[in-house]
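The following block contains the structure, expressed as structure tokens.
Just so it is clear: chains get the letters A, B, ... in the order the sequence lines come, proteins before strands, and each one is counted from 1. Both backbone and side-chain heavy atoms feed into the values below; hydrogens, waters and symmetry mates do not.
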There are 2 protein chains.
Amino acid sequence: MDNHDLRKAGLKVTLPRIKILQILETAEQHHMSAEDVFKKLLSSDGDVGLATVYRVLTQFESAGLVTRHNFEGGHSVFELNQGEHHDHIVCSCCGLVKEFYDDIIEEQQKHVAKKAGFEMIDHSLTIYGLCQTCANENSG
Amino acid sequence: MDNHDLRKAGLKVTLPRIKILQILETAEQHHMSAEDVFKKLLSSDGDVGLATVYRVLTQFESAGLVTRHNFEGGHSVFELNQGEHHDHIVCSCCGLVKEFYDDIIEEQQKHVAKKAGFEMIDHSLTIYGLCQTCANENSG
DNA sequence: CTAATTGCAAAAGCTTTGCAGCGCA
DNA sequence: TGCGCTGCAAAGCTTTTGCAATTAG
């Protein structure tokens, strides 16, 4: 239940926040830029400002509801926090994002951080490549 | 020899390019933003525009002389391509950047990409954490 | 009722681009 | 000599902020 998540985060349950949460939940591609979310809002109703989208997404990030990623390309993308941690593999051609989780890599990172004398807080691993579709198009 | 690298990249050997290359080579912290490079230029002579710094760095990137990273924080940082590939561990507190290379992680990434049906082009692994200095300050 | 929230518009970064003049090859 | 390169200033993009009106609790 959305409203519960919002309240738990200390945020008032307002229409923009509910809508944005729903968009993030139901989006087929759940890595969205602020602009993406804004466009979806426009087509659904058209009463939420872009500034609000940014504010809400930032609040959601602080509340731990979403994660912000800085993939290549200058703008941030946001993703709903559901399920376990994972990393990303992004198609450089079409922008497709797939998620993956690899135990060996996770373990090895802790190891590396310790060896470097760091207390690991977080990490961001993104593999860039060509998805099958794009690879076929380019070769054929 | 700098000039040789430039010519090899099909770039004319001009003063701004030589200077920027030297700055990247001799910088103690060799992950620099365009602004960082620009400031160094100002203190050395003061005749290179910020726009030129961006242009030259972008050209260097295309030529494979430098790599552009999108760490957290909105702006790009550039790093001279010398020696082997490596990943980064960044201090969230003071911004210190350390490099590391881990064979197991490298291998495992190839594996993951293949399993996801991607042709791997590149990858970017950044661990965020607290360096020893910052960890001590925060605990003490 | 009160403080949080919103929309709009304006501003603030970082980065790119247009253009006239300068410099390398 | 010619084209590439440069500096400056202006524009472009994403993101943030100020403010008056609105709304949740």
Without decimals, in angstroms, what is the distance between B:Lys19 NZ and C:dG23 P?
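Going from NZ in B:Lys19 over to P in C:dG23 covers 13 Å.
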
Across the strands shown, which category fits A:Ser76 at heavy-atom distances under 4.0 angstrom: base, sugar-phosphate, nothing?
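Sugar-phosphate contact only - A:Ser76 comes under 4.0 Å of backbone atoms but never of a base.
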
Nearest heavy atom decides the nucleotide; on that basis, is B:Thr58 or B:Leu11 closer to the 5' end of DNA chain C?
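Whichever sits nearer the 5' end wins; that is B:Thr58.
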
Quick one: which of C:dT15, D:dG2, D:dG25 gets closest to the side chain of B:Lys12?
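From the listed options, D:dG2 comes nearest.
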
Return no unless some side-chain N or O of B:Arg17 is found under 4.0 Å from OP1 or OP2 of D:dT6.
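Yes, B:Arg17 has a side-chain N/O under 4.0 Å of OP1/OP2 on D:dT6.
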
Interatomic distance, A:Leu50 CG vs D:dT17 P [rounded to whole Å]:
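For the pair A:Leu50 CG and D:dT17 P, the rounded distance is 14 Å.
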
Nearest to the side chain of B:Tyr54 - C:dT6, C:dT5, C:dT15?
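Closest of the options to the side chain of B:Tyr54: C:dT15.
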
Indicate whether the side chain of B:Glu79 and that of B:His69 have a donor and an acceptor atom separated by less than 3.5 Å.
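Checked: B:Glu79/B:His69 side chains pair up, N/O donor to acceptor below 3.5 Å.
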
Tell me the interatomic distance from A:Gln59, atom CD, to D:dT15, atom P, rounded to whole angstroms.
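One finds 16 Å between P of D:dT15 and CD of A:Gln59, rounded.
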
Between D:dG4 and B:Arg7, counting only base atoms on the nucleotide and side-chain atoms on the residue, is there a donor-acceptor pair under 3.5 Å?
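No.
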
Using the side-chain heavy atoms of B:Ala51, tell me which of these nucleotides is nearest: C:dT6, C:dT16, D:dT6.
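The answer is C:dT16, which lies nearest to the side chain.
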
Students often mix this up, so state it plainly: with edges at 30° and 60°, are the rings of B:His86 and B:His88 parallel, tilted or perpendicular?
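Ring orientation, 0 to 90° scale: perpendicular.
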
For the residue pair A:Glu99 / A:His30, report whether a side-chain donor-acceptor contact shorter than 3.5 Å exists.
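A:Glu99 and A:His30 do have a side-chain donor-acceptor pair below 3.5 Å.
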
Give the rounded distance in Å between these two atoms: CD1 of A:Ile18 and P of D:dG25.
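Answer to the nearest Å: 9 Å.
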
Picking from C:dT5, D:dT15, C:dA9, which would you name as closest to the side chain of A:Thr14?
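Per side-chain heavy atoms of A:Thr14, the pick is C:dT5.
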
Round to a whole Å and report the spacing from CZ of B:Arg55 to C1' of C:dC14.
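Nearest whole value for this atom pair: 15 Å.
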
Measure from the side-chain N and O atoms of B:Lys40 to the backbone N and O of B:Ile23, and report whether any donor-acceptor pair falls under 3.5 Å.
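Here the side-chain-to-backbone pair does not exist.
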
